[in-house]
Every structure is written in structure tokens, then in C-alpha cells.
Protein chains: 2
Amino acid sequence: MDVTAKPEEADCRAVSEILSRVGDKWTIQVVVALRGGSQRFNGVKRRVGGISQQMLTRTLKALERDGMVERAVRHNTPPQVEYTLTPLGYSLSDTARHLAEWAAAHHGEIQDSRLDFDSRHG
Amino acid sequence: MDVTAKPEEADCRAVSEILSRVGDKWTIQVVVALRGGSQRFNGVKRRVGGISQQMLTRTLKALERDGMVERAVRHNTPPQVEYTLTPLGYSLSDTARHLAEWAAAHHGEIQDSRLDFDSRHG
DNA sequence: CGGAATCCTGCGAGATACTG
DNA sequence: CAGTATCTCGCAGGATTCCG
């Protein structure tokens, strides 16, 4: 964050920073999937649904790097890896909840506006 | 929104829905740029900084379609087009503020976690 | 000034196959 | 089970040019 920037500009950059990090297709869904508690790799995969192993691997690694999830390995056969949300990860999921509430509250308005717009234009 | 889905799943889908709509590179920045009041096309362009006319045109049109901004045309020479945030657009910018606060609060933690992670791995 | 039309590019992300 | 390694493709988004 640039301390010399004006508050509003800082806000703007901050938001776009998180969005570019968190606004991808899977990150939030994975975080939400982990809210209930620790999950193993394929457990998360099942919960998210539609995600490829590759994207899940990437997403989890990125989240681990950012301190959002913790990775615990048990060296058995078959191997087990548990993923757990950190407090930071939880706080992100709370923010996500806020987004979800906004979406639920205004989804109808948006749909209507689109229909109206589309009917007026071609 | 699917009413038959469980609450958590609904949340999850709702979040990813908004994110896929609002999580692009420019939407939020344009909304934030309009918080101060009505702006003309190139005014917004200057405020956002780094955006191409094409992307600004697209972003504004999408926001108009969703009922987030209003477009008012004055047929003079030179032509003038004013863009204004609707109440719905304002409410989105408030949600964005929330995201910004989260980012500001945890940016340091994330940075530290990344440095730590990168030093332990390659 | 405020766009529309066109071209071009990199990256997000899916599918598949292989490994420990 | 939990990954890694390629290969591929679509599309977000940049640059440039043209129009009323």
C-alpha cells in the first residue's frame, strides 16, 4: 500500500488488489468449502464441485502462501493431507459472506434492470 | 438464486456469481471513481488511470445494463455524456469499501506470510 | 468528445496422463 | 490419495484506427 496516496485512491487500489487476488474463479469457493472445518484434498474437491485437481492444487497452494489455509501432511499409506482455514482465512470468508448478502439482496434488481435494458436495446 | 439449495451452497454460488461479474479488472475501480458524483467519459478515464477507452466503454455499458450507473447524453458540440451512480451502484461501492477495509487490515499479514512461504520453498 | 470496429496477445483454466 | 507435467483453448483486455 502506498502511504503517500490519498485515502480514496488507496482504497481503490486496495480493492482492485484483493479482487485480482481473490476474484478468480475458485479461491472464494474453496475458502467457503473449508468453513465447516478441516478437509482433505478430495473432500474439498467434492464440496466445491466442478473444479479440476490442477486448479484445486494451485488455489490451495496460493491460499497457503497467503496464510489463509494450513496444510498438514500425514505420511501414511494412503497419504493424507488436511487443509484447515487459518483465522485470516476465516476473516476472508466473513467478508465473502458480506458479498453474498449484498448479492442476495440485489440480485433481483439487477436481473430486472438487465431485462429492461435488453428489451430497449437490440 | 436457487431456492431449493442449502443456505451455504447458495451463499457459495452467490459469491462466485458476483465475483465473476464484479471481480474483473475495472468494474469496481469505475464504481469507486463515480462515488464523488457525476463524471463525464474522459473524467472517469482520468480518475481510473490506465484503462483503455474500449474497456471503459465496455465497463460502463455493463454497469448501465445492471442498473448501477445512469447515462445522460447532452447533444451539443462537442457532445457530452454524464455518468452517475444509481443507489444500487452506491450500495455496491459500500460493499467495496468493506473489502477495502479488510484488505487494508490484513495486507501486512499476507505480505509477511508470502515472504515466509517463499523463503521456505524455492 | 465519446465512442464503435477491428486486430492481437497473454493468461486463466479445462482435459488428460503420469508419479510417489 | 494427492499431487505434477503438458497441451490446449477461450476470452479478458491492450493498442490502434475510424466515425458522428
Side-chain angles (χ1 to χ4, degrees), chain A residues 12-13 15-31 33-34 38-66 69-84 117 120-122, chain B residues 12-13 15-31 33-34 38-66 69-84 117 120-122:
Chain A
C12 179
R13 292 200 192 102
V15 180
S16 48
E17 244 188 85
I18 341 149
L19 280 177
S20 66
R21 166 62 189 88
V22 135
D24 69 350
K25 196 171 177 182
W26 300 113
T27 298
I28 291 289
Q29 297 193 54
V30 168
V31 168
L34 284 171
S38 302
Q39 298 282 328
R40 310 226 327 247
F41 187 87
N42 282 318
V44 179
K45 191 167 182 329
R46 249 171 277 120
R47 284 200 153 217
V48 171
I51 190 172
S52 64
Q53 336 83 315
Q54 164 145 238
M55 286 314 298
L56 182 54
T57 302
R58 283 190 199 174
T59 304
L60 283 170
K61 196 179 295 175
L63 284 170
E64 190 196 354
R65 187 171 106 99
D66 288 358
V69 305
E70 262 183 23
R71 192 185 123 110
V73 190
R74 295 250 137 228
H75 293 282
N76 336 4
T77 45
Q80 296 188 352
V81 183
E82 289 252 331
Y83 291 95
T84 312
F117 184 94
R120 278 177 322 201
H121 302 65
Chain B
C12 179
R13 292 201 193 101
V15 180
S16 48
E17 244 189 85
I18 342 147
L19 280 177
S20 67
R21 166 62 190 87
V22 134
D24 70 349
K25 196 172 177 181
W26 299 113
T27 299
I28 291 289
Q29 297 192 55
V30 168
V31 169
L34 283 171
S38 301
Q39 299 281 329
R40 306 217 342 238
F41 187 88
N42 281 318
V44 179
K45 192 168 183 325
R46 249 172 276 119
R47 284 200 152 216
V48 171
I51 191 173
S52 63
Q53 336 84 313
Q54 162 146 247
M55 286 315 297
L56 182 53
T57 301
R58 283 190 200 174
T59 304
L60 284 170
K61 194 179 296 175
L63 284 170
E64 189 195 355
R65 186 171 107 99
D66 288 357
V69 304
E70 262 184 24
R71 192 185 123 110
V73 189
R74 296 251 137 227
H75 293 282
N76 336 3
T77 47
Q80 295 187 353
V81 183
E82 290 253 329
Y83 291 94
T84 312
F117 184 94
R120 278 175 322 196
H121 301 64

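Being a predicted model, the structure only gives us computed values, none of them experimental. Letters go in sequence order (proteins before strands), and every chain restarts at 1.
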So how far off straight is the helix from C:dC1-D:dG20 to C:dG20-D:dC1, going by the axes through five pairs at either end, to 10°?
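One end axis against the other gives 40°.
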Quick one: list whatever passes side-chain contact (heavy atoms from CB on, under 4.5 Å) with A:Ser52, sequence neighbours left out.
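Residues passing side-chain contact (heavy atoms from CB on, under 4.5 Å) with A:Ser52: A:Gln54, A:Met55.
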What residues in residues 71-83 of chain A put a non-hydrogen atom under 4.0 Å from any atom of DNA chain C?
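DNA chain C contact set from residues 71-83 of chain A: A:Pro79.
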Output a table of nitrogen or oxygen pairs between the protein and nucleotides 7-12 of chain D separated by less than 3.5 Å.
none

Please list, chain by chain and in numerical order, all residues satisfying salt bridge (charged side-chain N to carboxylate O under 4.0 Å, His left out) with A:Arg74, sequence neighbours excluded.
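Per chain and number, A:Arg74 pairs via salt bridge (charged side-chain N to carboxylate O under 4.0 Å, His left out) with no residue.
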With sequence neighbours excluded, tell me which residues meet salt bridge (charged side-chain N to carboxylate O under 4.0 Å, His left out) with A:Arg21.
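By the salt bridge (charged side-chain N to carboxylate O under 4.0 Å, His left out) rule, A:Arg21 matches A:Asp66.
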Among residues two or more places apart or on two chains, list those pairs meeting salt bridge (charged side-chain N to carboxylate O under 4.0 Å, His left out) that have a residue in residues 53-65 of chain B.
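Qualifying pairs, neighbours excluded: A:Asp118-B:Arg65.
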Length of the [atom1]-[atom2] vector between [X] and [N], whole Å:
| X | N | atom1 | atom2 | answer |
| --- | --- | --- | --- | --- |
| A:Gln53 | D:dC1 | CD | C1' | 12 Å |
| B:Leu56 | D:dA15 | CG | P | 14 Å |
| A:Glu64 | D:dG3 | CD | C1' | 13 Å |

Over 12 foreign heavy atoms within 6.0 Å of CD, A:Glu70
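For A:Glu70, atom CD is not crowded (no more than 12 foreign heavy atoms under 6.0 Å).
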Answer yes or no: does a side-chain N or O of A:Lys61 lie under 4.0 Å from OP1 or OP2 of D:dT4?
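So the side-chain polar atoms of A:Lys61 do come within 4.0 Å of the phosphate oxygens OP1 or OP2 of D:dT4, strictly under.
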Residues in side chain to side chain donor-acceptor pair (under 3.5 Å) contact with A:Arg46, at least two apart in sequence or another chain:
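Expected list: none.
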In this structure, which one of B:Val30, B:Leu56, B:Leu60 forms a side-chain contact (heavy atoms from CB on, under 4.5 Å) with B:Tyr83?
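Going through the options one by one, the only one that passes is B:Leu60.
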Donor-acceptor pairs under 3.5 Å, side chain of residues 38-45 of chain B to any protein atom, not counting sequence neighbours: which ones?
residue, atom, partner, partner atom, Å
B:Ser38, OG, B:Thr84, OG1, 2.8
B:Lys45, NZ, B:Ile51, O, 3.2

Would you say the side chain of [Y] lies within less than 4.5 Å of the side chain of [X], judging by non-hydrogen atoms?
| X | Y | value |
| --- | --- | --- |
| A:Leu34 | A:Val31 | no |
| B:Leu19 | A:Leu19 | yes |
| A:Arg71 | A:Val73 | yes |

Using the ring-ring contact (aromatic ring centres under 6.0 Å, His included) criterion, which residues pair with A:His75? Sequence neighbours excluded.
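None.
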Outermost nucleotides of DNA chain C that come under 4.0 Å of a non-hydrogen atom of chain A:
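Under 4.0 Å from chain A, the extent on DNA chain C is C:dA13 to C:dG20.
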Check for a donor-acceptor pair, side chain of A:Gln29 on one end and backbone N or O of A:Lys25 on the other, with a separation under 3.5 Å.
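The answer is yes, because a donor-acceptor pair under 3.5 Å joins these two groups.
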